[in-house]
J.: 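I have a structure here, written as structure tokens, and I will follow up with some questions on it.
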2 protein chains.
Amino acid sequence: MGTRERRAREFQQREEQMLDLATDLLLEQGRDAITMERLAEKSEYAKGTLYKHFSCREDLLCALTTRRMAEISMLLQRARQYPGGSRARLLATLIAYEYYAHSHPEEFRLLIALVSGPLSDRASPEHWHKLEQAQEQLFQVLRELFGEAREAGDLPELPMDPDPLSFGLWSLVFGSYVLGNADPALCRRAGIASLESQLHGMMHVVLDGAGWHPLSHECDYAAVIEDIHAFVRTQLPETAQPEAP
Amino acid sequence: MGTRERRAREFQQREEQMLDLATDLLLEQGRDAITMERLAEKSEYAKGTLYKHFSCREDLLCALTTRRMAEISMLLQRARQYPGGSRARLLATLIAYEYYAHSHPEEFRLLIALVSGPLSDRASPEHWHKLEQAQEQLFQVLRELFGEAREAGDLPELPMDPDPLSFGLWSLVFGSYVLGNADPALCRRAGIASLESQLHGMMHVVLDGAGWHPLSHECDYAAVIEDIHAFVRTQLPETAQPEAP
DNA sequence: TCATTTTATGACGCAACGTCACAGTCTAGG
DNA sequence: CCTAGACTGTGACGTTGCGTCATAAAATGA
């Protein structure tokens, strides 16, 4: 008899619902509104039931973060399809990331606060593991782009291993958002008009430094970026709207 | 008569004491122990008195963060004195930063969690302003290094404005620590033995990309870094120990 | 139908936040 | 030296949110 399976499936579905509702809560009332109490009320389940799914508040937040990361992963996967050279495709993923940050400001702000925060200590092993997987999947996109670039011969003289370099790129992007978000005034003082243009500039520097061809003086990347924007805008928007499947 | 001034001074001193005690709390019992209740108890003042100094918990944390940043600023200022070329001096500040992160793990972890968190919304304007100043002062170190490099002719063909580039460098370092801290497993999977070597590698890439001479193939930076380590270890340790004046 | 297992509940205890009316202390002018 | 008034310190209080657990309800299947 499939009773157990059915139960497990329903349980999973309910968990997804809970996460949907938590996101609603975030969008309607801000991040402070994501409490076990309010989610219980909103979901019309009792608190005890909530705790069947999430071992503690951080566990819920961990699951929420996993969701956001998965959404971003999907976005990057599609952005990677941009028809262009390997370096242009890398830029496309960056721009898709920016696109997400821009079109989901609340979710993104929460994401960066949570990733930098103390989730790992308190989340349940299960949800934490899923978060790590999601993170790995995101990282995988960069890894693959490096692989493709090497195969295509666009990375003839890599000065360091590709994985640490990927990690560095990601750190740069993520760190910029963290700092830019933490203190917009600092950005202003640093003469940064927009984090996007800032990141594009840094990308040129880093990718040139890594010898990723075509180098910025060999190609009109301003035009490429313009084109990628059009691509992202036209090809990706539906993924950017979080929806249940 | 100077009654007012004396009072104000005593008030300031007490605030410093409170921050000392909050740091003790952090080191003794972890970051969760930094609560208004416990700090009140530890300081032997009532809660109400605490709230004369800090408008809310975040305000206290903001002030704590400012302290840490000021400590780091001092450290970087001194590291900048490293006798070497402009690029070596920049590396020296980076290594001093790493040194701080390494020798004050708890404080540093708290710092990154707080900077990425929601302090700006809730801290009082006064303490927030001080934090911004501390951040600016830190940033200033980078700014000046760029200025010196340009004067020395080590940066002949800067591909972007120095301030955004400084911001980018800082983002890279900070972001690496945030991510490395959030998920050490990811680092392991990315083949990163230590964040330090990782950052040194990235620095070579970025600074080469920015055309900061001598380029990494023009100079034995491994030896330079070794020498800087010795310099930092011998010249800077006392600043690294937080002490009341 | 009913015994058993599984699931849902929400009152409860606890910790921490931030407030405020009051009590205590200090100052300055007489 | 005294006292009115200003300033400072206090901690009980109300509130919110976390996480638990004994108990009630529902589902299962024999």
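Remember, it's a predicted structure, so these values are computed and weren't measured experimentally.
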J.: Quick one: which of C:dG18, D:dG19, C:dA8 gets closest to the side chain of A:Lys52?
T.: C:dA8
J.: For A:Glu58 and D:dG19, what is the distance between atoms CD and C1' respectively, to the nearest whole Å?
T.: 12 Å
J.: Report yes if a side-chain nitrogen or oxygen of B:Tyr51 is closer than 4.0 Å to either non-bridging phosphate oxygen (OP1 or OP2) of C:dG18; otherwise report no.
T.: yes
J.: What is the separation between atom CD on B:Glu41 and atom P on D:dG11, rounded to the nearest whole Å?
T.: 12 Å
J.: Using whole Å, report how far CD of A:Glu10 lies from C1' of C:dT7.
T.: 12 Å
J.: Between A:Arg6 and A:Glu10, is the closest basic N to carboxylate O distance under 4.0 Å?
T.: yes
J.: With a non-hydrogen cut-off below 4.0 angstrom, is B:Arg14 in contact with a base, only sugar-phosphate, or nothing?
T.: sugar-phosphate
J.: Is A:Arg6 near enough to D:dT28 that one of its side-chain N or O atoms lies under 4.0 angstrom from OP1 or OP2?
T.: yes
J.: Using whole Å, report how far CG of A:Leu39 lies from C1' of C:dT9.
T.: 16 Å
J.: Counting only heavy atoms not in B:Glu44 (residues, nucleotides, ligands), do more than 12 fall under 6.0 Å from its CD?
T.: no
J.: Picking from C:dT27, D:dG17, D:dT28, which would you name as closest to the side chain of B:Arg7?
T.: C:dT27
J.: Angle class for the B:Phe139/B:Trp170 ring planes (parallel below 30°, perpendicular above 60°, tilted otherwise)?
T.: parallel
J.: Where each residue is assigned the nucleotide of DNA chain C containing its nearest heavy atom, which of B:Arg57 and B:Gly48 is assigned the position nearer the 5′ end?
T.: B:Arg57
J.: Nearest of D:dG19, D:dG11, C:dT9 to any side-chain atom of A:Tyr45?
T.: C:dT9
J.: Nearest to the side chain of A:Arg38, which nucleotide is it out of C:dT9, D:dG19, D:dG17?
T.: D:dG17
J.: Return yes if a side-chain donor-acceptor contact under 3.5 Å exists between B:Gln12 and B:His53, otherwise no.
T.: no
J.: Could you tell me whether B:Arg31 and A:Asp121 make a salt bridge, using a distance below 4.0 angstrom between a side-chain N and a carboxylate O?
T.: yes
J.: Both A:Thr49 and B:Met36 contact DNA chain C. Which one's nearest nucleotide lies toward the 5' end?
T.: A:Thr49
J.: Just compare C:dC12, D:dG17, C:dA8 and give me whichever is closest to any side-chain atom of A:Lys47.
T.: C:dC12
